[in-house]
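Just so you know, ligand 1 is whichever comes first in the structure, and atom 1 is the first atom listed for that ligand.
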Amino acid sequence: MAPVIILFFLFPTLLVLLVAALSLRNSESRKTKCLNLPPGSMGWPLIGETIAFRRQHPCNSLGEYMEDRINKYGRIYKSNLFGAPTIVSADAELNRFVLMNDDRLFVPSFPKSVADILGKTSMLVLTGEMHRYMKSLAVNFMGIARLRANFLVDSERYVVQNLESWPENTPFPAKEEACKITFNLMVKNILSMNPGEEETERLRKLYMSFMKGVIALPLNIPGTAYRKAVKSRATILKVIERLMEERIQKKKEGTDSIGEADLLGFILEQSNLDAEQFGDLLLGLLFGGHETSSTAITLVLYFLHDCPKAVEQLREEHLEIVRGKKQRGVPPALTWEDYKHMEFTQCVISETLRLGNIIKFVHRKANTNVQFKGYDIPSGWSIIPIFAAAHLDPAVYDNPQKFDPWRWQTISGSTARIDNYMPFGQGLRNCAGLELAKMEIAVFLHHLALNYDWEIAEPDEPLAYAFPEFAKGLPIKARKVSFIV
Ligand code: HEM
């Protein structure tokens, strides 16, 4: 009986939605009749081609759906994705044009449900002056001075602690360990919280539930991941409010020993953000910085595993650094100068980011009617620049599917390649943490190459729709082997 009742109510609702979608589509096609839109297909009413677009595929490919559309329509095509008429761009020039005209011709376009959960003052959704202001706070906080003095020391501490906790010869998911490193580093520098403490663990759990909600279906009903994330966000904001009050009180009493060493102290000193704005900044940094960097660390383990020659060369580079320090009689801790000497390491990082495509695409919306390469991009339409398309283009990179860090030794002279390389985006909204991310991965590689051999314990591969994910978290088996003599 129950299914009959559900169908009784569901059928008319679906019918109404279908009619609404068809009349919306008709009015949209009347509006765009005189425009020269790129070729493409708008797919099914309502869902368009979203299901095919969201299908997972190896991260070093564009996937069947996109390859098929590019073959049929070319590198710029129209579609209907996420409920909106959309231009998909696998064209590196259009991608650059979109990013370089951020806030003028284009604005970010997260679905409202995602924007609500990220917060109205999250850098990821803000535009204009307020975006510039929040970005400047983040960029200043992660500037070179602080990278040298704080982040480098902390990265090294958390990397070493983590590697030392790896079980010998027993498989474990590498992604989970990488997440611990990047989370600990962020909360230490944002709120002076230490790993393992009760409050850090509580915040980690709240953040994980928040994260799941950002990417979940936006159903705000009891029991859903989205509802849990809304609740976690509210709890995180309460924790932040309390921490802010405690710090202000300590400052008044003259007992605050942290000062501007963490983001909370820096914000209290340098800005007048309230608890909610600070919370949005914190969640934006955690969201932008934790998952991305931990994925990069996992990918580097994955790609290097099949490239022993690169591991050997990395090991040599890092042994050289250690030997040099010994000869000069200086302490073994890594310095900024050591980091700047890691040339081959940087090639490994660049190649991992190229082939891993951690952020495969971003979402924007045209603010006004825009023309590009003879095509019209109507005001209000979404545009999705696919960064991965240039990274995997055989016209730009020889043998693009191959993990080849050596290609970066000759690439710096070629502007075509540099312009097409966008793992951190470009322009106004480029990554606020790109220097930090590269440094974290380099510090990880330093201690990994000097002290460990590893093998992949079970087959697992990075599959992407938007972000690469390992279904099993990349199970590896590690063996401590000190190469330092
Ligand atoms: C390998 C690691 C990383 C990758 C591949 C990456 C990639 C990106 C990309 C592609 C964007 C541009 C998004 C857009 O145009 O809409 C971005 C923005 C951003 N990233 Fe990263 N990121 C990484 C690490 C980090 C880290 C460590 C942090 C901070 C701790 C961070 C914080 C941010 C923030 C705050 C933004 C927004 C900037 C803005 O709106 O102006 N990211 N990132």
Side-chain angles (χ1 to χ4, degrees), residues 59 95-96 98-103 106-110 114-115 118-119 121-143 146-147 150-151 154-155 178-179 181-190 262-263 280-300 346 348-365 382-388 390-391 421-445 462 464 466-468:
C59 69
N95 293 353
R96 218 171 24 256
V98 172
L99 298 190
M100 297 323 271
N101 283 291
D102 249 326
D103 258 20
F106 303 96
V107 285
S109 78
F110 285 102
V114 176
L118 287 172
T121 53
S122 169
M123 210 188 310
L124 303 170
V125 294
L126 280 174
T127 55
E129 270 309 301
M130 194 59 188
H131 169 259
R132 268 175 251 258
Y133 178 61
M134 293 295 252
K135 176 88 174 253
S136 72
L137 290 174
V139 168
N140 286 337
F141 181 69
M142 293 185 284
R146 204 177 287 262
L147 286 186
N150 302 47
F151 283 103
D154 290 334
S155 299
C179 278
I181 298 174
T182 58
F183 184 82
N184 288 340
L185 181 68
M186 289 315 289
V187 290
K188 167 72 182 8
N189 282 279
I190 291 175
D262 65 6
L263 182 68
D280 287 348
L281 180 62
L282 171 143
L283 287 172
L285 288 180
L286 277 179
F287 182 65
H290 160 256
E291 193 62 21
T292 46
S293 300
S294 54
T295 300
I297 289 176
T298 317
L299 284 168
V300 96
Q346 289 303 333
V348 170
I349 295 171
S350 298
E351 184 66 349
T352 301
L353 297 178
R354 180 190 71 80
L355 203 52
N357 292 303
I358 295 173
I359 307 274
K360 177 178 152 193
F361 60 84
V362 290
H363 291 272
R364 296 290 192 271
K365 194 169 70 180
S382 293
I383 175 146
I384 300 191
I386 311 281
F387 299 157
H391 297 171
Y421 181 68
M422 305 186 186
F424 294 110
Q426 257 182 26
L428 197 66
R429 310 193 81 91
N430 78 340
C431 179
L434 69 99
E435 290 301 337
L436 171 60
K438 286 195 275 185
M439 193 194 73
E440 277 178 79
I441 309 167
V443 171
F444 176 79
L445 283 175
F467 314 108

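When atom types are taken as modelled, the side chain of Arg429 and the backbone of Met123 share a donor-acceptor pair closer than 3.5 angstrom. A donor-acceptor pair is defined here as one N or O able to donate and one able to accept, closer than 3.5 Å; such a pair exists between the side chain of Ser136 and the backbone of Tyr133. For Ser294 (side chain) and Ala178 (main-chain N/O), no donor-acceptor pair under 3.5 Å exists by modelled atom type.
Below 4.0 Å from some heavy atom of Val362 lie the following atoms of ligand 1, by number and element: 13 (C), 14 (C), 15 (O), 16 (O). Near Met142, with a cut-off below 4.0 Å to any heavy atom, the atoms of ligand 1 are 29 (C), 30 (C). For ligand 1 and Leu428, the ligand atoms under 4.0 Å from any heavy atom of the residue are 41 (O).
Looking only at protein heavy atoms, the nearest one to atom 5 (C) of ligand 1 is Pro423 O, 3.5 Å. In terms of protein heavy atoms, atom 37 (C) of ligand 1 is closest to Leu124 CD2, 3.5 Å. Of all protein heavy atoms, the one lying nearest to atom 16 (O) of ligand 1 is Arg364 NH1, 3.0 Å. Of the protein's heavy atoms, Arg429 O, 3.4 Å lies nearest to atom 12 (C) of ligand 1. Of the protein's heavy atoms, Met186 CE, 3.2 Å lies nearest to atom 30 (C) of ligand 1.
A donor-acceptor contact under 3.5 angstrom links the side chains of Thr121 and Asp280, judged on distance only. Side-chain polar atoms of Lys135 and Asn140 form no donor-acceptor pair below 3.5 angstrom.
Distances between N or O atoms of Lys135 and those of ligand 1 include at least one value under 3.5 Å.
Taking the six-membered ring for Trp and thresholds of 30 and 60 degrees, Tyr421 and His391 have ring planes inclined between 30 and 60 degrees apart.
Put simply, no part of Ala138 is less than 4.0 Å from ligand 1, judged by heavy atoms. A heavy-atom separation below 4.0 Å is not found between His363 and ligand 1.
Inter-residue side-chain proximity for Phe151 and Val443 is flagged as unmet; no heavy-atom pair is nearer than 4.5 Å. Residues Asn150 and Asn189 form a side-chain contact, since some pair of their non-hydrogen atoms from C-beta on lies under 4.5 Å apart. Thr295 has its side chain within reach of Pro468: a pair of non-hydrogen atoms, C-beta onward, lies under 4.5 Å apart.
Only side-chain heavy atoms of His131 come within less than 4.0 Å of ligand 1; its backbone N, CA, C and O stay farther off.
Atom NZ of Lys365 has 12 or fewer neighbouring heavy atoms from other residues, nucleotides or ligands inside a 6.0 Å radius.
When Asp103, Asn430, Val125 are ranked by how near their heavy atoms come to atom 38 (C) of ligand 1, first place goes to Asn430.
The side chain to side chain donor-acceptor pair (under 3.5 Å) search around Asp102 returns Arg364, not counting sequence neighbours.
Rounding to the nearest 0.5 Å places CG of Asn95 at 11.0 Å from CD1 of Ile384.
Residue-and-atom listing of protein N/O/S atoms under 2.8 Å from atom 21 (Fe) of ligand 1, sorted by chain and number: Cys431 SG.
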